[in-house]
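Report on the structure given below.
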Amino acid sequence: MTTASGIMYPQAPLLTMLIAATLLAGKDGAPAPLAPVPASRQIEWQRTERYCFVHFGPNTFTGEEWGHGTEDPKIFNPKHLDCDQWVKSMKDAGFKGVIITAKHHDGFCLWPSKYSTHTVAQSLWKGGKGDVLKELSVACRKAQFKMGVYLSPWDRNHPSYGTAEYNQTFAHMLEEVLTKYGPMFEVWFDGANGEGPNGKKQVYDWPLFIGVVRKYQPKAVIFSDAGPDIRWVGNEGGIAGETSWSNLNRDQYFPGTPRYAELTEGQENGTNWVAPECDVSIRPGWFWRATENSKVKSVDQLREIYYASVGRNSSMLLNVPPNSDGLISIEDVTRLKEFDQSIKSDVAHPLKPERVEADSAFGKDHWADKATDGNSESYWAAKDGATSATLSLDYGKTVTFNMIVLSEFIPLGQRVKKFHIEVDGGQVVASGTTIGNKRILRINPTSARRVKVVIEDSRAAPILSEVKLYSPDN
Ligand code: FUL
């Protein structure tokens, strides 16, 4: 399919998507999917929820954010590099994967690429025999941790940048990265497109690049401002929209789009499934600097980001940049752990309802209790044709809660447009627009015996796989 911007995105055939959704939906005659629906790689990615970014390279040694590409590669020398330490710090804090800047805008390759003379092979590190991607991939495999790569198309070093030849070079580099280091869960394409060493800008061959990823890593999701699989959220603060659609009119955007503000909310009737990802750094900069060791984000800041990303139908991609020794600094390691403990304590006391009822259901296999059975593959579906519905929870006694987690069953499409939560006597304690993969609502501690989830408006019959309330204490 050729888009308005001239980019061609290979599309999953509609029939395949429908079959996949139907298989996932159960045996008893399930509700029909509502397009667009996610591909299996997108569903898998959405469940990853939070994972880390690693910005690492010559900038780690110069203090630059955007290296010029003229840096002496010898400056890259992380003498104590320990990828096991990175992975352990992240995994111990509940993160599920890591995406590394294999090549940032300065063009320096963290692996010994055959297609560049600006790589680890020209550095002093390990006498030019080192390979950061190799070390990270071994550490990830050992820890069963997901790995992804960031590869900047913009290259301020490569002599062929700005010519058609560069597109081939970039495709070869991609091929190296995607064939030598095991499975990748995500490939991250930066939208920045500046001049190369010859003063020229590149016209990128996106169909070529996307084709290489699909060929060698078909299970990886591809990120850019415009997908094709997942999109930038439109800011680098880690904040998704209060309204957050996975649906996007993808053909209207391209990497580097000036209309990036529209990416925050997506579009209710968007043509493609391209959910938002929230990238944000734990420090002021993307790369490590000694002067920013005291500026690591607080637990409260990280909590706000988590609830505004994972809690709003997005994912949290938290950048934790290694220092010039090649280690994640103690300040960051400690903060990651504190953050994890903090969000885990928020969900330490789930409440179990005694009875669950709905004003309608699609059939007995999709009755109301499927929304509270703790199984994300089962779901409550309102009757066909309903665009509003109510789920009523009775806890049998007065309970106190301060958090509500709602999930739609996304394989059948994102549907809910408007909802509220009310308690005994009809008092509304929370309200919102979209739900999507996960919507987390934090409220002041509220006591009630009965709680209603009222879906006021929906694109098609509402389908919820999870409704869960949490108590602030035992
Ligand atoms: C931006 C880049 O220009 C920044 O340096 C950083 O890598 C960020 C994640 O994406 O577009």
### Query
Under 3.5 Å, side chain of Tyr166 to main-chain N/O of Pro159, donor-acceptor pair present?
no
### Query
Under 3.5 Å, is there a donor-acceptor pair between the side chain of Arg156 and the main chain of Gly67?
yes
### Task
Would you sort out whether Phe223 and Phe189 count as a ring pair (Phe, Tyr, Trp, His ring centres under 6.0 Å), showing the intermediate values?
CA-CA 6 Å; Phe223 166 99; Phe189 287 130; 9.1 Å; no
Drop me the distance from [X]'s [atom1] to [Y]'s [atom2], to the nearest 0.5 angstrom.
{"X": "Leu110", "Y": "Thr119", "atom1": "CG", "atom2": "OG1", "answer": "9.5 Å"}
{"X": "Leu178", "Y": "Arg214", "atom1": "CG", "atom2": "CZ", "answer": "11.5 Å"}
{"X": "Lys96", "Y": "Arg47", "atom1": "NZ", "atom2": "CZ", "answer": "10.5 Å"}
{"X": "Met90", "Y": "Gln85", "atom1": "CE", "atom2": "CD", "answer": "8.5 Å"}
{"X": "Ser324", "Y": "Asn59", "atom1": "OG", "atom2": "CG", "answer": "12.5 Å"}

[X] and [Y] ion-paired at < 4.0 Å:
{"X": "Asp340", "Y": "Lys91", "answer": "no"}
{"X": "Glu268", "Y": "Lys417", "answer": "yes"}
{"X": "Asp332", "Y": "Lys297", "answer": "no"}
{"X": "Arg442", "Y": "Glu304", "answer": "yes"}
{"X": "Lys88", "Y": "Asp84", "answer": "no"}

For residues [X] and [Y], determine if any side-chain heavy atom of one lies less than 4.5 Å from a side-chain heavy atom of the other.
{"X": "Ile440", "Y": "Lys438", "result": "yes"}
{"X": "Trp154", "Y": "Tyr161", "result": "yes"}
{"X": "Tyr51", "Y": "Ile99", "result": "yes"}
{"X": "Glu176", "Y": "Lys114", "result": "yes"}
{"X": "Lys295", "Y": "Pro284", "result": "yes"}

Can you confirm whether the side chains of [X] and [Y] place a donor and an acceptor under 3.5 Å from each other?
{"X": "Asp190", "Y": "Tyr150", "result": "yes"}
{"X": "His104", "Y": "Ser152", "result": "no"}
{"X": "Asn319", "Y": "Arg283", "result": "no"}
{"X": "His118", "Y": "Ser116", "result": "no"}

Within [range] or reaching into it, pairs that qualify as salt bridge (charged side-chain N to carboxylate O under 4.0 Å, His left out) - sequence neighbours excluded:
{"range": "residues 117-127", "result": "Lys126-Glu135"}
{"range": "residues 312-331", "result": "Glu242-Arg312"}
{"range": "residues 60-69", "result": "Glu65-Arg289"}

With sequence neighbours excluded, residues passing salt bridge (Lys or Arg N to Asp or Glu O under 4.0 Å) with [X]:
{"X": "Lys180", "result": "none"}
{"X": "Glu262", "result": "Arg259"}
{"X": "Glu265", "result": "none"}

Can we call the ring centroids of [X] and [Y] under 6.0 Å apart?
{"X": "Trp232", "Y": "Tyr260", "result": "yes"}
{"X": "Trp188", "Y": "Phe53", "result": "yes"}
{"X": "Phe61", "Y": "Phe108", "result": "no"}
{"X": "Tyr181", "Y": "Trp111", "result": "no"}

### Task
Only one of Glu49, Glu186, Glu44 passes salt bridge (Lys or Arg N to Asp or Glu O under 4.0 Å) with Lys146; say which it is.
Glu44
### Query
Which class fits the ring pair Phe287 and His55: parallel under 30°, tilted 30 to 60°, perpendicular over 60°?
perpendicular
### Query
Is it true that atom CD of Glu165 has more than 12 heavy atoms of other residues, nucleotides or ligands lying nearer than 6.0 Å?
no
### Query
Within a reach of under 6.0 Å around OH of Tyr115, are more than 12 heavy atoms found that belong to other residues, nucleotides or ligands?
yes
### Summary
Between Phe56 and Pro78 the two heavy atoms that sit nearest each other are CZ-CB, 3.7 Å
### Query
How far apart are the closest heavy atoms of Ala460 and Ser458, and which atoms are they?
O-OG, 2.6 Å
### Message
The test is side-chain contact (heavy atoms from CB on, under 4.5 Å); show your working for Ser471 and Asn402 and say whether it passes.
### Response
CA-CA 6 Å; Ser471 165; Asn402 66 344; over 6 Å; no
